[in-house]
Each structure stands twice: as structure tokens, then as C-alpha cells.
Amino acid sequence: MNRKALAILSGLLALTAPVACSSQSKAAPDARADGANGDTAKASAPVAVDAELGDGRARVTLRFDSPASDVKVNVSGLDGLTVKSAPTPVDGASFVQSAVSTFDVEFTPGAGRSHLVVAVTGDFQGARRAKVASFAVGTPTTEQQKASGTTVTGSDGERVKIMPVNGDGQQ
């Protein structure tokens, strides 16, 4: 990943940090967001985010697992992907449990592999929560395929990539 992409990614993460953060990893069924059972995973918004990718277009589907209000959806790109449609297709909407919302996103992909990022924020059962999902577009270039870090497996079986601090491949 080049420095520009890292800067953009860092900026996006910084913008979503005050609201909440999430990952695609699965938490234990009895995991609590407050860490009472020893789990420190943050609670993410109870919404599933899916995208059907096509040539310069994506159909994004949101499935709400609980009622939500003041929902805002932002779409953006990483690694050269540029969103051509509205960057905020949903703003201030409310949804009932089991609601499904679908919208189209038009984009210009970056060179090689780039990413479409969908960020959903809202009030879910009295708590402000967020969920961010990223969808890969295209095939990685030779440069993008070069490993720039070391991949290790944690004690929980999750793969983690350790990235170099100064960008020159040294850790």
C-alpha cells in the first residue's frame, strides 16, 4: 500500500474513531462490549453491509438487525478508487428491525486493486454505533502484490499483518 493510501486510510479511521470502530471478525456469542467477560472488542452497529460489484458500479445492501435512527451512510474509495455518485446516499434516516435498504454507487476504480468503503453510523437501541465495510475492486498490480509486512497468527487464530513503521520494509 502506498503512502497516499495509508494517509487516506489513517484519515478515515481518525474520522470514525470518535463514533466507534468495528471489524469483520466474529465475536464470541456471549461477548459484551463493556469488557465484563474479559473481551475488549468494541460493539459495532447491528447492520450487515453487502455489495454486489460490477463494472464501475456497486449495489450496496444494508440489513438492519435492530431498529436504528439518525442513520448516515458514507461511501468513499481507497487506493485510487473515486466515488462518482453521492458520497452520502443516506443521511438522517430511520429503519425498523429487519429493514433492508439498497442503493447504487458509481465509481472509477484505481489502478490494480482498489477498495470501496461503506461506513454506516446511527443510533441503535440508544447507543451511537458504527460499522465500516471495505470491498476490493480489481486485480492487484505486481507492485501491490509485494509483501510489505509480516503476517502472524494470534492465539485466537486471527491473522494479523505487522506493517513497517518507516515504509522501507524494516520493522
Side-chain angles (χ1 to χ4, degrees), residues 1 4-35 37 39-140 144 158-159 161:
M1 193 180 293
K4 187 175 182 182
L6 287 174
I8 292 171
L9 181 59
S10 297
L12 285 172
L13 291 174
L15 289 173
T16 59
V19 179
C21 67
S22 66
S23 70
Q24 296 292 347
S25 64
K26 304 291 183 204
D30 62 345
R32 292 180 46 181
D34 62 6
N37 65 353
D39 185 7
T40 59
K42 291 186 179 179
S44 66
V47 59
V49 182
D50 295 307
E52 293 179 27
L53 300 170
D55 188 29
R57 170 177 221 94
R59 170 146 295 179
V60 177
T61 302
L62 308 175
R63 288 179 179 81
F64 292 84
D65 294 332
S66 74
S69 61
D70 196 24
V71 175
K72 184 174 184 177
V73 178
N74 290 316
V75 291
S76 58
L78 287 175
D79 297 331
L81 186 141
T82 305
V83 174
K84 295 191 302 187
S85 57
T88 307
V90 177
D91 192 5
S94 293
F95 297 92
V96 296
Q97 183 171 349
S98 301
V100 176
S101 177
T102 303
F103 55 90
D104 291 325
V105 177
E106 292 184 27
F107 60 85
T108 302
R113 166 125 336 135
S114 54
H115 292 86
L116 174 67
V117 179
V118 180
V120 181
T121 58
D123 293 322
F124 295 85
Q125 298 177 339
R128 190 81 178 154
R129 295 196 177 155
K131 183 159 200 172
V132 179
S134 174
F135 302 94
V137 176
T139 305
Q144 289 173 329
E158 186 171 346
R159 291 173 27 136
K161 189 166 200 172

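One-based numbering along the sequence shown.
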Asks: Please name the pair of heavy atoms, one in Phe107 and one in Gly54, separated by the smallest distance, quoted to 0.1 Å.
Replies: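 Nearest pair, atom of Phe107 first, then Gly54: CZ-O, 4.0 Å.
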Asks: Taking the side chain as every heavy atom from C-beta outward, state whether Val75 and Pro89 have any atom pair closer than 4.5 Å.
Replies: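 A side-chain contact exists here, since the closest heavy-atom pair is under 4.5 Å.
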Asks: Before giving the answer on side chain to side chain contact (heavy atoms under 4.5 Å, CB included), spell out for Val47 and Phe95 the whole-Å C-alpha distance, their side-chain angles and the decisive distance to 0.1 Å.
Replies: CA-CA 11 Å; Val47 59; Phe95 297 92; over 6 Å; no
Asks: Checking side chain to side chain contact (heavy atoms under 4.5 Å, CB included) for the pair Arg128/Asp70: CA distance, chi angles, key distance, verdict?
Replies: CA-CA 9 Å; Arg128 190 81 178 154; Asp70 196 24; 3.5 Å; yes
Asks: Which distance, rounded to the nearest 0.5 Å, do you find between the CG of Leu116 and the OG of Ser134?
Replies: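 One finds 7.5 Å between CG of Leu116 and OG of Ser134.
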Asks: Could you walk me through whether Phe103 and Val73 pass the side chain to side chain contact (heavy atoms under 4.5 Å, CB included) test, one step at a time?
Replies: CA-CA 10 Å; Phe103 55 90; Val73 178; 3.6 Å; yes
Asks: Start with the C-alpha gap between Val60 and Phe135, add the side-chain angles, then the distance that decides, and say whether side chain to side chain contact (heavy atoms under 4.5 Å, CB included) holds.
Replies: CA-CA 10 Å; Val60 177; Phe135 302 94; 5.7 Å; no
Asks: Looking at every heavy atom in both Ser66 and Gln125, which two are closest together, and how far apart are they?
Replies: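 Where Ser66 meets Gln125 most closely, the heavy atoms are CB-NE2, 3.6 Å.
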Asks: Considering only heavy atoms from C-beta outward, does the side chain of Ser98 approach that of Val96 to under 4.5 Å?
Replies: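 No, every pair of side-chain atoms sits at 4.5 Å or beyond.
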Asks: Exactly one of Asn74, Leu62, Val132 should register a side-chain contact (heavy atoms from CB on, under 4.5 Å) with Val120. Which one does?
Replies: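 Going through Asn74, Leu62, Val132 one by one, the side-chain contact (heavy atoms from CB on, under 4.5 Å) with Val120 is satisfied by Leu62 alone.
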Asks: Would you compute the distance between atom CG of Asp65 and atom CD of Gln97 and round it to the nearest 0.5 angstrom?
Replies: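 Here the rounded value is 7.5 Å.
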Asks: Which atoms form the tightest heavy-atom contact between Arg113 and Ala136, and what is the distance?
Replies: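 That closest heavy-atom pairing would be CD-CB, 3.5 Å.
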Asks: Nearest 0.5 angstrom please: Arg59 CZ to Thr102 OG1, how far?
Replies: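 The CZ atom of Arg59 sits 6.5 Å away from the OG1 atom of Thr102.
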Asks: Please report the shortest heavy-atom distance between Ala130 and Thr121, naming the atom on each side.
Replies: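 Heavy-atom minimum between the residues: CB-CG2, 3.6 Å.
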Asks: Holding to salt bridge (Lys or Arg N to Asp or Glu O under 4.0 Å), I want the full list of residues that pass it with Glu106, two or more places apart in sequence or in another chain.
Replies: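 Glu106: salt bridge (Lys or Arg N to Asp or Glu O under 4.0 Å) contacts with Arg57.
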